[in-house]
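A short write-up of the structure that comes next.
Basis for what follows: all heavy atoms, side chains included, without hydrogens, waters or symmetry-related copies. Just so we're on the same page: letters track the sequence lines, and every chain starts at 1.
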Protein chains: 2
Amino acid sequence: MKQETRKEEIIKTAARLFKEKGYSAVTMRDLAKAMGIKAASLYNHINSKQEILKEIIISLAEEFTSGINVIKSSDKSSIEKLNEIVALHVSITSKNTYGMASLNNDWMHLEEQLPYYLELRSNYENEFRNILKEGIQKNEIINSDVEVMLFSILSTLRSLYLWIPKKEDLNSEELTSHLSSILINGINK
Amino acid sequence: MKQETRKEEIIKTAARLFKEKGYSAVTMRDLAKAMGIKAASLYNHINSKQEILKEIIISLAEEFTSGINVIKSSDKSSIEKLNEIVALHVSITSKNTYGMASLNNDWMHLEEQLPYYLELRSNYENEFRNILKEGIQKNEIINSDVEVMLFSILSTLRSLYLWIPKKEDLNSEELTSHLSSILINGINK
DNA sequence: ATATTTAACTAACACTTGTTAGTTTGATTG
DNA sequence: CAATCAAACTAACAAGTGTTAGTTAAATAT
C-alpha cells in the first residue's frame with residue numbers, strides 16, 4: 001500500500017534526534033541532514049513534524065496499554081503480575097529506547113492526540129494501581145501508601161530508557177529479575 | 001549591588017514555563033507575556049535565554065553536590081545515609097519543582113556550562129555509588145548489582161518533581177519516611 | 001516502449017526566533 | 001529641584017522555522 005520502509009526510517013531517525021535534543025529543538029533540516037536528504041524531501045513520506053511525534057508516542061502508549069490488559073486478566077498472584085509489568089517495560093524499552101525518551105519528555109507537544117494520550121496514560125496508571133491494591137487486599141503487599149508505591153516503581157520503570165543503553169552487559173531476563181527483586185524486596189539485608 | 005529581585009522573578013517564571021513546555025519550546029515572548037512585559041524588556045535584567053537556564057540548573061546541581069558531601073562525611077550507617085539522601089532530594093525538589101524539571105530534561109541545552117554540569121552530575125552519582133558499596137561491605141545492604149540499585153533509587157528520586165505537586169497532602173517528613181521505607185525495604189510483605 | 005511511481009531536488013513563502021539599539025517614564029536620591 | 005537609575009517601551013535585525021509548489025531523474029510495471 002504505502003512505502004512503509006522509508007517513512008519508518010525517518011521516524012526512527014527522528015526518535016534518535018528527539019532523544020538527544022528534545023522534539024522542539026530538532027528542526028526538519030536537522031532531521032533531513034541526518035537522513036542525507038533535503039528538508040523538503042521529507043514531505044514525500046510524512047505529512048508534518050507533528051505526525052512523526054504522534055507515530056512515535058501513540059504506538060508505544062498503545063503497546064503499554066495492551067500489555068497491561070493482558071497482565072491484569074491473568075490469574076497470577078499480584079507479585080507475579082508486578083514481575084510481568086517490569087518485564088513489559090524492559091521489553092518495550094529495550095526495543096525502542098529512543099522512542100521512550102519522546103514518550104517521557106515530549107508528550108506535551110502532541111496536539112490533537114494529546115487527550116487520547118492522556119487517557120491511555122491515566123488508564124495505565126489505574127490498572128497498575130489496581131494491581132497494587134489487589135496485592136494489599138490479598139496480603140501479598142505491605143499496606144503502605146499506594147500512591148507512593150505506584151509512583152516509586154513507575155518512575156524507575158519510566159526511566160529505563162536512560163540506562164538500558166548503558167547496561168548492555170545485562171540481557172533482558174537478567175535485568176528484569178534484578179529489577180523486580182529490588183523493587184519488590186528493597187535493598188535492605 | 002544588582003536588582004536581584006526582578007531577575008529572580010524572571011528566572012522563577014521561566015522555570016515554570018520550562019517545566020510545562022521544555023526550554024526550547026518557550027520563547028522569550030512567551031516568557032515576557034507571562035511577566036506582563038515585552039520581550040525586549042527582559043534584557044534589562046538578564047543577558048540571554050541561555051543564562052536563565054544556566055542559573056536554574058547549575059544552582060540546583062550545586063545544592064545536590066554540597067548536600068551529598070555533607071552526608072558522606074558523617075559517621076552514620078549506610079542505611080541512615082540513604083535516608084538522608086532521600087531527605088535531600090525531597091527537600092530540594094519541594095522548594096523548586098519547576099527548576100528540577102529543567103535539570104532533568106533540559107540540561108543538554110546548557111552550552112559553555114555543559115561540561116561543568118556533567119562533572120557535578122557524575123560526581124554526585126559516584127558519591128551515591130560509594131555509599132551503596134560501603135553498605136554492601138558493611139553487610140547492611142544486599143550484595144546485588146550496584147548499578148541497578150543506584151539507578152533504580154535515583155530514578156525515583158529524580159522523578160520527584162513530577163509528583164510532589166500532586167501529593168500536597170503529605171508533608172516532607174512523611175513523604176521522606178514513606179519513600180525511604182519503600183526504597184529500602186521494598187513492598188513485599 | 002510507455003506510463004507510472006518513488007524519492008529526490010530547488011526555490012520560495014510567511015512567520016517566528018533571540019537579540020540589539022535607542023528612547024521614555026516614573027520613582028528615588030543628592 | 002536636578003540628577004540618577006531602574007524598568008519599561010517601540011522598532012528593527014538577521015537568521016532560522018515548518019511547509020508548499022513545482023520539477024527532475026531513476027526505477028518499476030504495463
Side-chain angles (χ1 to χ4, degrees), chain A residues 1-58 98 102 105-114, chain B residues 1-58 98 102 105-114:
Chain A
M1 203 171 176
K2 280 171 202 159
Q3 72 286 28
E4 289 297 72
T5 19
R6 198 68 177 134
K7 179 173 182 179
E8 280 175 4
E9 258 187 274
I10 291 173
I11 292 174
K12 257 187 197 165
T13 305
R16 177 166 58 80
L17 299 184
F18 292 168
K19 182 184 177 189
E20 284 161 16
K21 307 171 60 179
Y23 173 75
S24 302
V26 175
T27 70
M28 296 304 276
R29 285 164 182 83
D30 290 338
L31 176 53
K33 186 166 269 180
M35 293 288 300
I37 61 179
K38 294 296 162 95
S41 307
L42 294 167
Y43 289 84
N44 287 318
H45 308 283
I46 51 105
N47 296 310
S48 66
K49 189 186 178 189
Q50 264 290 312
E51 188 199 47
I52 299 176
L53 187 67
K54 179 200 81 183
E55 303 245 345
I56 293 172
I57 294 181
I58 299 294
Y98 299 143
S102 297
N105 302 321
D106 289 318
W107 56 267
M108 70 284 276
H109 300 116
L110 291 170
E111 289 171 6
E112 315 90 58
Q113 297 85 13
L114 181 56
Chain B
M1 208 172 174
K2 280 171 202 161
Q3 70 288 27
E4 291 296 73
T5 19
R6 199 70 177 132
K7 179 173 181 177
E8 280 174 3
E9 259 188 273
I10 291 173
I11 291 174
K12 259 186 197 167
T13 305
R16 177 167 57 80
L17 298 184
F18 292 169
K19 182 184 176 189
E20 284 161 16
K21 307 172 59 180
Y23 173 74
S24 302
V26 175
T27 70
M28 296 304 276
R29 285 164 181 85
D30 291 337
L31 176 53
K33 186 166 267 178
M35 293 289 299
I37 60 178
K38 294 296 161 94
S41 306
L42 293 167
Y43 289 84
N44 287 319
H45 309 282
I46 52 102
N47 295 312
S48 65
K49 189 186 177 189
Q50 263 291 310
E51 187 199 47
I52 299 176
L53 187 69
K54 179 200 81 184
E55 302 246 345
I56 293 171
I57 294 182
I58 298 295
Y98 299 143
S102 297
N105 302 320
D106 289 318
W107 55 268
M108 71 284 276
H109 299 117
L110 292 170
E111 288 172 5
E112 314 88 59
Q113 297 86 11
L114 182 56

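Side chain of A:Lys49 to main chain of A:Val26: a donor-acceptor pair is present (N/O by atom type, distance under 3.5 Å, no hydrogens or angles).
Annotation: side chain to side chain donor-acceptor pair (under 3.5 Å) contacts of B:Lys12 (sequence neighbours excluded): none. For A:Tyr23, the ring pair (Phe, Tyr, Trp, His ring centres under 6.0 Å) criterion is met by A:Phe18, A:His109, not counting sequence neighbours. With sequence neighbours excluded, the residues forming a side-chain contact (heavy atoms from CB on, under 4.5 Å) with A:Glu111 are A:Gln50, listed by chain and number. Residues passing the side-chain contact (heavy atoms from CB on, under 4.5 Å) test with A:Arg16 are A:Thr13, A:Glu20, A:Ala34, A:Tyr98, sequence neighbours excluded.
Distance CD1 (B:Ile37) to C1' (D:dA6): 12 Å, rounded to an integer number of Å. Between A:Lys7 atom NZ and C:dT6 atom P the separation is 14 Å, expressed in whole Å. In this structure, A:Leu42 atom CG and C:dA8 atom P are separated by 9 Å, rounded to whole Å. Rounded to an integer number of Å, the gap from CD of A:Glu8 to P of C:dT6 is 15 Å. Separating the NZ atom of A:Lys33 from the C1' atom of D:dT17 is a distance of 15 Å, rounded to the nearest angstrom. With rounding to whole Å, A:Lys21 atom NZ is found 12 Å from D:dG16 atom P.
Counting only heavy atoms from C-beta outward, the side chains of B:Ile57 and B:Gln113 never approach each other to under 4.5 Å. Within the 4.5 Å cutoff, side-chain heavy atoms of A:Leu31 are placed close to those of A:Ile52.
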- Go along nucleotides 11-20 of chain C 5' to 3' and tag each nucleotide: B for a protein heavy atom under 4.0 Å from its base, S when only backbone or sugar atoms are that close, - otherwise. BB----BBBB
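Separating the CD1 atom in A:Ile37 from the NE2 atom in A:His45 is a distance of 5.5 Å, to the nearest 0.5 Å. One distance of note links CE of B:Met28 with OG of B:Ser41; it measures 10.5 Å at 0.5 Å rounding.
Taking only side-chain nitrogens and oxygens, B:His45 comes nearer than 4.0 Å to OP1 or OP2 of D:dA8. Applying the 4.0 Å criterion to OP1 and OP2 of D:dA7, one finds that B:Ser41 has every side-chain N and O outside that range.
Ranking D:dT10, D:dA7, C:dT10 by closeness to the B:Arg6 side chain, first place goes to D:dA7.
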Pairs under 3.5 angstrom, nitrogen or oxygen only, protein versus nucleotides 22-29 of chain C, please.
none

